[in-house]
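Throughout, protein chains are lettered first and strands after them, A, B, ... in sequence-line order, and every chain is numbered starting at 1. In this text the structure is predicted, and so the values were computed from the model without any measurement.
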2 protein chains.
Amino acid sequence: MVNGPGKITINDVAKAAGVSKGTVDRVLHDRGEVSKKSREKILKVIDELGYKPNVYASLLASQKKHTIVCVIPEYSEGDFWSLTAKGLFEASEAAQRYGVVVEVMTYDQYDVDSFRAACGKVLDAGPSGVVIAPMFRLETLAFVKDLVSRGIPYVYIDSKLEDDGYLAYFGMPMYQSGYLCADILTDGRNVRKVYIVRIERDKKGHSDPTVMRRTGFMDYMTEHYPSAHIVNVFIDPKNADAVYARLDEAFAADADAPKMLVMFNSRIHLVADYLRERGMAGCRVVGFDVLERNLSALRSGHVQALIAQHSDRQAAAAVNALVDSLILGSPVPKKDNYTQMDILNRYNCEYYM
Amino acid sequence: MVNGPGKITINDVAKAAGVSKGTVDRVLHDRGEVSKKSREKILKVIDELGYKPNVYASLLASQKKHTIVCVIPEYSEGDFWSLTAKGLFEASEAAQRYGVVVEVMTYDQYDVDSFRAACGKVLDAGPSGVVIAPMFRLETLAFVKDLVSRGIPYVYIDSKLEDDGYLAYFGMPMYQSGYLCADILTDGRNVRKVYIVRIERDKKGHSDPTVMRRTGFMDYMTEHYPSAHIVNVFIDPKNADAVYARLDEAFAADADAPKMLVMFNSRIHLVADYLRERGMAGCRVVGFDVLERNLSALRSGHVQALIAQHSDRQAAAAVNALVDSLILGSPVPKKDNYTQMDILNRYNCEYYM
DNA sequence: CGAAATTCCGTGAACGTTCACGGAATAATT
DNA sequence: AATTATTCCGTGAACGTTCACGGAATTTCG
């Protein structure tokens, strides 16, 4: 019941207060031009009658055009960010019902300048709210400072920064995901050596989003397997041959012993491909995120477990939080929303999406 | 990136189709009194223009009051059904925005008559839609027949029956959850014996909701561990002392060997309590559902894993599906919605809710 | 063929807000 | 006191639907 049982309208309030609905509306929206006396009277009447504005009528009448702009890394079919994009599009559909337009703006996560450019375009678009998946610390901080100064609310997804002007955050607890990963990988077994496959990337201006995850992983290992040998292998994901060469090289010492392998980003499928190619069985392999390629590695048995998050839901939740606060004026219930970490294996992965 | 605001109104459609908005409205709501020709033309135009009705205008104009009644087993703080109830209340809040009232009606899951009574009250309330968590097969079938005859849509949660008049179903794939459970319990270990702890319940008129789960479990075992010995232990959950006695008795043969234990309902905490009481360590224990008591058993290490479902989200999804179909007239996208099976251990359980 | 029945459709008044516009009342200034 | 500024407020037209009403067009039938 939108209006409560009594169905009290703005007209009822106006009548009871001896003014017109226009005046009531003015105090309702703090639009000024109302004498102190009327104002107080109206407020009193509103309270007494328990008047609750009708959201539909309000939304209908105020043809406000809200735009929410989302800034995320470029994506292509099947990769990590495409899932986030999917969530954004879903939320966009729902938001349309409220007359809210959702725009997605992408940037090259390996190119600071493209991020700066994207931010500029966002500000030009004059959005009512912003969703941002940050990859560059300094530039993001500068950007949100701009947003704050313009009174534009923003919410972080995926990871957040240490400022606290954000309306909300939706993402995975990174440190804990690394800790959990180690537990799943080792799983009470004997552990002599663990390979961490990492990506060589252009480090300048770039903050590795998985660093906390690695920290969590390492902490678990030093707590539970202090004598285990941790080997880092760096690969260039863009060059398949080089990947294989690197792994061959790393495994040369004990070629056919079963291994423990882990990656902290979404590319574990690279490792799975390698293992299949080389016919290596019996390895214990754990990775992150539900890309289609990772799922098939899970099904084929080259990966034992994936730790996943519903980044589509996170994205949608971010948009919804913004819509709620923008349109309905409802306060955001929780600022930091750590989404659950899902453990996927071959038996439950089919029901994940 | 995403469509602009729904600029297209019913008037635009009317003009483009060469009719009046009244006629368009009639086809939008299947209110009849429209010639086949106009109808088709209008439908075509709607599709071409991508017309989306403005929910708010619609809600404003049609001062309809919808009520959704949910029939679920009685619950109390912290038990399985309280989570479902929580989801219902959350959805209720959202539904209020659309002027939809959500009512929850409970019945004693061990008493057919109370279920019958609840159904009667539901019908009296004259709801626009019903959410139902069925426990009694025959009575539920009779009930939904009544609903169908009155044209009241209903959706199943938790489990469903073999009729197919339901609008949607939200629940866990029970068979697979048992299969998964066996995989997690055994986990590549040697398995000689597994204890299944079950509940003695008054069987009359009662269909055990976990039977499919048990079947899945057993299938896994015969496939992977054909020689394993499966022992069923029956307990009465209401009598703690008797539970302990029964377990003592069952374990008498090999008292202090580490055991594998499993329960297919939400009461694994009973087993955990027993193990703590008896100081038995090193057992492998797997159960279902995220009751607070189960979570603390997980934290304390007496339970290794829980298989969980977001029954709150299922409940909310059920209400939302009904709201969508009632208010927005949008068809339900999927009839059978099998929600994901979450694997919880001590490292990821804190982020589950 | 004409009247009655039936089918189909347009009209316009709600629904409860928002907000621009213009005017009344009051205060400030000359 | 007359004029001008300022403050305050009422009016009414949107916003995009829904749906009752009445009438036009078409069909049916004697």
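Following rounding to the nearest Å, B/N54 (CG) and D/dT17 (C1') show an atom-to-atom distance of 8 Å. At whole-Å resolution of the value, NZ in A/K65 and C1' in D/dC15 are 15 Å apart. Distance NE2 (A/H29) to P (C/dT17): 9 Å, rounded to an integer number of Å. A straight line from CZ of A/R31 to P of C/dC21 spans 13 Å, rounded to a whole angstrom. The interatomic distance linking A/L60 (CG) with D/dT17 (P) rounds to 8 Å, in whole Å.
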Donor-acceptor pairs under 3.5 Å, side chain of residues 37-50 of chain B to any protein atom, not counting sequence neighbours: which ones?
residue : atom : partner : partner atom : Å
B/S38   : OG   : B/S35   : OG           : 2.9
B/R39   : NH1  : B/D30   : OD1          : 3.2

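In this structure, B/S128 contributes its side chain and B/T67 its backbone to a donor-acceptor pair below 3.5 Å.
In this structure, A/L59 and B/A57 both approach DNA chain C, and ranking their closest nucleotides by distance from the 5' end singles out B/A57.
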>> Run the side-chain contact (heavy atoms from CB on, under 4.5 Å) test on A/L28 and A/I10 for me, step by step, so that the C-alpha distance in whole Å, both residues' side-chain angles and the decisive distance to 0.1 Å come before the verdict.
In response: CA-CA 10 Å; A/L28 244 26; A/I10 200 173; 4.0 Å; yes

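The aromatic rings of B/F115 and B/F136 are tilted relative to each other, their planes meeting at an angle between 30° and 60°. The aromatic rings of A/Y166 and A/Y156 lie tilted to each other, with the angle between the two planes from 30° to 60°.
Checking C/dG16, C/dC15, D/dC19 against every side-chain atom of B/S62, the shortest atom distance belongs to D/dC19.
Atom CD of B/E93 has 12 or fewer neighbouring heavy atoms from other residues, nucleotides or ligands inside a 6.0 Å radius.
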>> Generate the contact string for nucleotides 5-10 of chain C. Rules: B means base contact, S means sugar-phosphate contact only, - means no protein heavy atom under 4.0 Å.
In response: ---SBB

